[in-house]
**Student:** 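Shown below is the structure under consideration.
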Amino acid sequence: MSSLASLDGLESKPAPAVSGTRLAVRRFLRNRLAVVGLGVVVFFVLFCFVGPLVYETDQTHTLLQQVNQSPSGAHWLGTDAVGHDELGRLMYGGKVSLIVGLSAGVLATVIGTLWGAAAGYAGGWIDAVMMRVVDAGIAIPALFILLVVSAITTPDLTGLVLILGLISWLVPSRLVRAETLTLKNRDFVLTLRAIGGGHGRAIVRHILPNSVSTVIVAATFQIADAILLVAYVSYLGLGVQPPSTDWGGMLSTGMTAAYSGYWWLIVPPGLAIILVVWAFNAIGDGLRDAFDVRGRA
């Protein structure tokens, strides 16, 4: 009888609770496209940052004796119009594209998060004015602003990151504002205000931590958009200036030689842009589904 009682006691024990983070990770890993996208991003990070340490090439000097060579054992992806090894150029340009894209995406997300949280928490006329600023900014295409600024000045990497960040924060601000409008009426925020807690403490300690899923998802999409914007302006010759380059600049340079049959100058950077942008979008979709409370069982 005692053994049966102990067995009943074991059967009646509830299953251990699974934390929200672990559940989100499990849901993300079940999304095959998101996992593949994460693998693509990891591959390109290693390719662009670790690859040059293994596959060393000269990306500074002009090498006229090896101009426009087709892919071979000496140059796996051939060479360009000034003799640079195209595989090494792909690594070098990818490093610039990823640094600018990641930095600008994070900067835009930080600005948008702070702006949206402040607007949503303040409410009233302050919220109305702040969001009209956002609406006015969204009405102007980001690419148009970037082209105008790039035509006036010649931005370096830091300047390009700042420009991209300052024109890309609008969409994250709207997402975080919508989340803040819901969170500010929750019991934990109302209790903090009732015991004399300040507005800054409510935003920093409660609003922002509970909006982290929205912020992370927004950041992935912002990074993808920033990489595309960099490619756009560099393709038009207004982005990173020589001797530096990025994938968009490589496309711009390669297009002039593509009519001569030098396909290796445009296919690799074009595929790299497509794969990386798709990968960040796939990760964003996977994170959005993983953090979606309504979809959890």
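Just so you know, these numbers use all the heavy atoms, side chains as well, and skip hydrogens, waters and symmetry mates.
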**Student:** Mind checking the NE2-CZ spacing from H84 to R89? Nearest 0.5 Å is all I need.
**Tutor:**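 Reported value, rounded in 0.5 Å steps: 5.5 Å.
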**Student:** If you group Ile, Leu, Val, Met, Phe, Trp and Tyr whenever their side-chain heavy atoms sit less than 4.5 Å apart, what else falls in with V54?
**Tutor:**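 For V54, no cluster forms, as it stays isolated from other hydrophobic side chains.
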**Student:** Any idea which heavy atoms bring S97 and D246 closest together, and the distance?
**Tutor:**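 Answer, listing the atom of S97 first, then D246: OG-CB, 3.1 Å.
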**Student:** So which atom in A226 and which in G105 form the shortest heavy-atom distance, rounded to 0.1 Å?
**Tutor:**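 Minimum heavy-atom separation between A226 and G105: CB-N, 4.3 Å.
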**Student:** Is there a side-chain contact between V134 and W169 in this structure, where contact means two heavy atoms from C-beta onward sitting under 4.5 Å apart?
**Tutor:**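 When only atoms from C-beta onward are counted, W169 and V134 do touch, with a gap below 4.5 Å.
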**Student:** Testing the basics here: between D289 and R27, what is the closest heavy-atom pair and its distance to 0.1 Å?
**Tutor:**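 For D289 versus R27, the nearest heavy atoms are O-NH2, 2.8 Å.
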**Student:** Is there a side chain to side chain contact (heavy atoms under 4.5 Å, CB included) between T253 and L265 once you walk through the steps?
**Tutor:** CA-CA 8 Å; T253 303; L265 299 180; over 6 Å; no
**Student:** Nearest heavy-atom pair of V40 and L275: which atoms, and what distance?
**Tutor:**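 Taking every non-hydrogen atom into account, CG1-O, 3.9 Å.
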**Student:** Over 60° means perpendicular and under 30° means parallel, so classify the ring planes of F47 and F44, tilted if in between.
**Tutor:**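 Rings of F44 and F47: perpendicular, as their planes differ by over 60°.
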**Student:** So, for Y92 and W247, is the gap between ring centers shorter than 6.0 Å?
**Tutor:**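 When the ring centroids of Y92 and W247 are compared, they turn out to be at least 6.0 Å apart.
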**Student:** List, by chain and then residue number, the residues other than L175 in its hydrophobic cluster (Ile/Leu/Val/Met/Phe/Trp/Tyr, side-chain heavy atoms under 4.5 Å); write none if there are no others.
**Tutor:**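 Answer for L175: V171.
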**Student:** Can you tell if the side chain of V96 reaches within under 4.5 Å of the side chain of T245, non-hydrogen atoms only?
**Tutor:**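 Answer no - side chains too far apart.
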**Student:** Which residue is it: I273, L87, L90, L251? I am looking for the one with a side chain to side chain contact (heavy atoms under 4.5 Å, CB included) to P268.
**Tutor:**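 Looking at I273, L87, L90, L251, the match for P268 under the side chain to side chain contact (heavy atoms under 4.5 Å, CB included) is L90.
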**Student:** Hey, what else clusters with V215 if you join Ile, Leu, Val, Met, Phe, Trp, Tyr whenever side-chain heavy atoms sit under 4.5 Å?
**Tutor:**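 Other cluster members: V176.
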**Student:** Of all the heavy-atom pairs spanning T79 and W264, show the shortest one and how long it is.
**Tutor:**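 Here T79 and W264 meet closest at O-NE1, 3.1 Å.
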**Student:** Is the number of heavy atoms from other residues, nucleotides or ligands under 6.0 Å of W278 CH2 greater than 12?
**Tutor:**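 Result for CH2/W278: enclosed.
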**Student:** Can you check whether R288 reaches T220 side chain to side chain, under 4.5 Å on heavy atoms?
**Tutor:**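 They are not in contact (no side-chain heavy atoms under 4.5 Å apart), so the answer is no.
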**Student:** How close do A74 and D85 get, heavy atom to heavy atom, and via which atoms?
**Tutor:**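 Taking A74 first and D85 second, the nearest heavy atoms are O-OD2, 4.2 Å.
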